[in-house]
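Inspection log for the structure reproduced underneath, given as C-alpha cells.
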There are 2 protein chains.
Amino acid sequence: MTYCVGMVLDKGLVMMSDTRTNSGVDNISVFKKMFHWAVPGDRILSIMTAGNLATTQAVISQLEERTKAPGDRDNSLLKAPTMFQVASEIGKLLRETITKTQEDNGARGKGRFTASIILGGQIEGMEPRLFHIYPEGNFIEASFDTPFFQIGETKYGRPILIRGYDKDMSFEDAVKLVMVSFDSTLKANLSVGLPLDLMVIERDTFQAGHVRRISSDDPYFQSISSSWGDALKTAFHSLPNYSIPDK
Amino acid sequence: MTYCVGMVLDKGLVMMSDTRTNSGVDNISVFKKMFHWAVPGDRILSIMTAGNLATTQAVISQLEERTKAPGDRDNSLLKAPTMFQVASEIGKLLRETITKTQEDNGARGKGRFTASIILGGQIEGMEPRLFHIYPEGNFIEASFDTPFFQIGETKYGRPILIRGYDKDMSFEDAVKLVMVSFDSTLKANLSVGLPLDLMVIERDTFQAGHVRRISSDDPYFQSISSSWGDALKTAFHSLPNYSIPDK
C-alpha cells in the first residue's frame with residue numbers, strides 16, 4: 001500500500017508521501033513516490049503516486065521522457081497552458097498504461113495494475129491547483145469544501161486531517177498536521193513506511209520550496225510521534241467524564 | 001458497513017456497535033447488531049455482528065431458537081462449559097449459514113454473504129473472554145497484547161484506541177474512549193451511523209450491567225463529539241512547531 005496527502009492552503013500546496021512498496025509482507029522496498037518538474041517563473045508540477053509500482057514508474061518515466069525529447073516537447077507537461085490540461089494529459093497516460101498491461105495479460109489482467117495519482121501545482125497567472133487522478137484517466141479537483149486529497153491507505157490518518165485542517169494555516173502547521181496524520185497511519189498499518197517525502201510549494205514561486213526526506217531518525221518526526229501520544233491522552237482526559245449509574 | 005468494538009479490561013468487558021445497514025447509499029436502515037444472553041449467576045454472552053444482514057440475522061435467530069427449544073437445549077450456548085466452546089458453536093453456525101446461502105446461489109454466490117462476529121462474555125469460575133469469529137468459523141481470542149477487537153469499518157477509529165487504551169482504565173473512561181473512536185468513524189464514513197448500542201459487563205456479575213442506546217440527541221455523545229474537535233486542536237497546537245528554514 002501507500003499513503004500520500006496533498007493539501008491546498010491559502011499560502012500554497014503541501015505534499016507528503018511515504019516510500020514503502022510491498023508485494024506481500026515479506027517483500028518490502030523503499031521507492032520514491034513523489035516527483036516534480038519546475039520551469040522557473042512559469043510552473044511547478046508535483047505528482048504523488050499510489051498503486052501498482054510498475055504502472056506508476058512507467059507513467060513517470062514517460063512523463064520524464066516527454067519533457068526531454070525535443071520532438072514531443074509541444075505535447076509535454078511543461079507546455080500545457082493550464083493545470084486542467086496537465087491533469088488531462090497525465091490521466092490519459094495513466095489510463096493507457098494500465099489498459100495496455102491489462103490487455104497484454106488477457107483475462108488474467110482484468111482489474112489489475114491500477115494506480116492513482118495526486119497532482120498539485122501552479123502555472124503562472126493562475127491559482128495553485130490540486131487534482132486526484134483516477135485509474136480511468138478522469139479526475140477531480142480540490143475545492144473549498146474538500147481542500148485535501150489522500151490516496152493509498154487513507155482511513156487511519158483522515159480524522160485528524162478533518163479536524164485539524166484550516167485553509168489559512170501556516171505551512172509549518174500544515175506540515176505538522178500531515179506528520180501527525182502519517183504517524184497515526186504508520187502506527188496502524190505495516191504497508192505504510194518511513195522515510196517520508198515532503199514538499200512545500202509556496203504560491204507564486206513556481207518552485208519546490210522546501211523538499212525534504214524524513215527518515216526514522218528525524219528528530220522532529222520522532223518528537224511528533226512521541227508527543228502526539230501524550231497530547232492525545234491529555235485531550236482524551238480533558239473530555240467530560242461518562243457516568244454509569246449505580247444499579 | 002458497520003462499526004463494532006469489543007474491549008477487555010481488568011474490570012470486565014465493554015461492547016459498542018452502530019446500527020446502520022446499507023445496501024447502496026440510497027437504502028439505509030437501522031438494525032440492532034448487538035445481542036446478549038444471560039443466565040443469572042452462571043454466564044453472560046454478548047455478540048456483535050458485521051457483514052451481510054441476512055446472514056447475521058439468520059445466525060442470531062438460530063442461536064435464539066437453540067436457547068429456547070427444549071430438545072436442543074443441551075447443544076445451546078447456555079450449556080456450553082467454556083467460552084471457547086461457545087465461540088466454536090457460533091463459528092460453526094456462522095460458517096454453515098454462509099456456506100448454505102453461497103451454495104444455494106451457485107456460481108453467483110461465490111465469496112458473498114459473509115459476516116464476522118465479536119463474542120464477549122464470562123462463564124462462572126472463569127475469566128471474561130473476548131473473541132473475533134471469522135466467516136470461516138474459526139476465531140481468535142483477545143490477549144494482553146491485543147486487548148480489543150474491531151469489526152466493520154475499523155480504520156478511522158483505530159489510532160485513538162491504540163493510543164488511549166489502558167487495561168486498568170475505568171468503565172467510564174473506556175466508554176468515553178469507544179465513543180471518541182465511534183465519533184471519528186461517524187465523521188468520516190457514511191456507512192456507520194447512529195444510534196449506537198452500548199453494553200458494559202462487569203467481571204463476575206454475569207449480567208449486562210449497563211445497556212444503553214445512544215441516539216443523535218444524546219447530550220453526552222454530543223458533548224464528546226463537539227469537545228473532541230476542540231481537544232484535538234489543542235493537542236495539535238501543543239506539539240512542537242515545525243520550522244521551515246529561509247531560502
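Residue numbers start from 1 in every chain, and the chains themselves are labelled A, B, ... in the order their sequence lines are given, proteins ahead of strands.
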Pairwise distance OG(A:Ser170) to CG(B:Asn241) - rounded to 0.5 angstrom: 7.5 Å

side-chain contact (heavy atoms from CB on, under 4.5 Å) for B:Asp173 and A:His237? Distances and angles first, verdict last. CA-CA 8 Å; B:Asp173 275 358; A:His237 289 295; 3.7 Å; yes

Max heavy-atom pairs within cutoff under 4.5 Å with chain A, candidates B:Ala188, B:Ser238, B:Ser223, B:Gly229, goes to B:Gly229

List the steps and the verdict of side-chain contact (heavy atoms from CB on, under 4.5 Å) for A:Glu153 and B:Lys155. CA-CA 9 Å; A:Glu153 192 56 75; B:Lys155 295 183 180 183; 2.7 Å; yes

Stepwise salt bridge (Lys or Arg N to Asp or Glu O under 4.0 Å) test for A:Arg163 and B:Asp230: CA-CA 8 Å; A:Arg163 257 30 203 270; B:Asp230 296 338; over 6 Å; no

Main-chain N/O of A:Phe236 paired to B:Lys176 side chain as donor or acceptor, under 3.5 Å: yes

Keeping the roles fixed (side chain from B:Lys233, backbone from A:Gly164), state whether a donor-acceptor pair exists under 3.5 Å. no

Could you check A:Thr234 against B:Thr234 for side-chain contact (heavy atoms from CB on, under 4.5 Å), going step by step and ending with a plain yes or no? CA-CA 10 Å; A:Thr234 307; B:Thr234 307; over 6 Å; no

Return the CZ to OG distance between A:Phe171 and B:Ser243, rounded to the nearest 0.5 Å. 14.5 Å

Quick one: CG on B:Leu239 to CG on A:Leu177, what's the gap to the nearest 0.5 Å? 10.0 Å

Do A:Tyr220 side-chain atoms and B:Tyr242 backbone N/O form a donor-acceptor pair below 3.5 Å? yes

Does any heavy atom of chain A fall under 4.5 Å from the side chain of B:Leu198, the backbone, both, or neither of them? side chain

Should we count CD1 of B:Ile140 as having more than 12 external heavy atoms under 6.0 Å? yes

Under 4.5 Å, counting heavy-atom pairs only, tell me which of A:Ala231, A:Ser184, A:Pro240, A:Ser227 racks up the most with chain B. A:Pro240

Residue pair B:Ala235 / A:Ala235: nearest heavy atoms and the distance that separates them: CB-CB, 4.1 Å

Between A:Leu161 and chain B, with a heavy-atom cut-off of 4.5 Å, which part of the residue counts as in contact: side chain, backbone, both or neither? neither

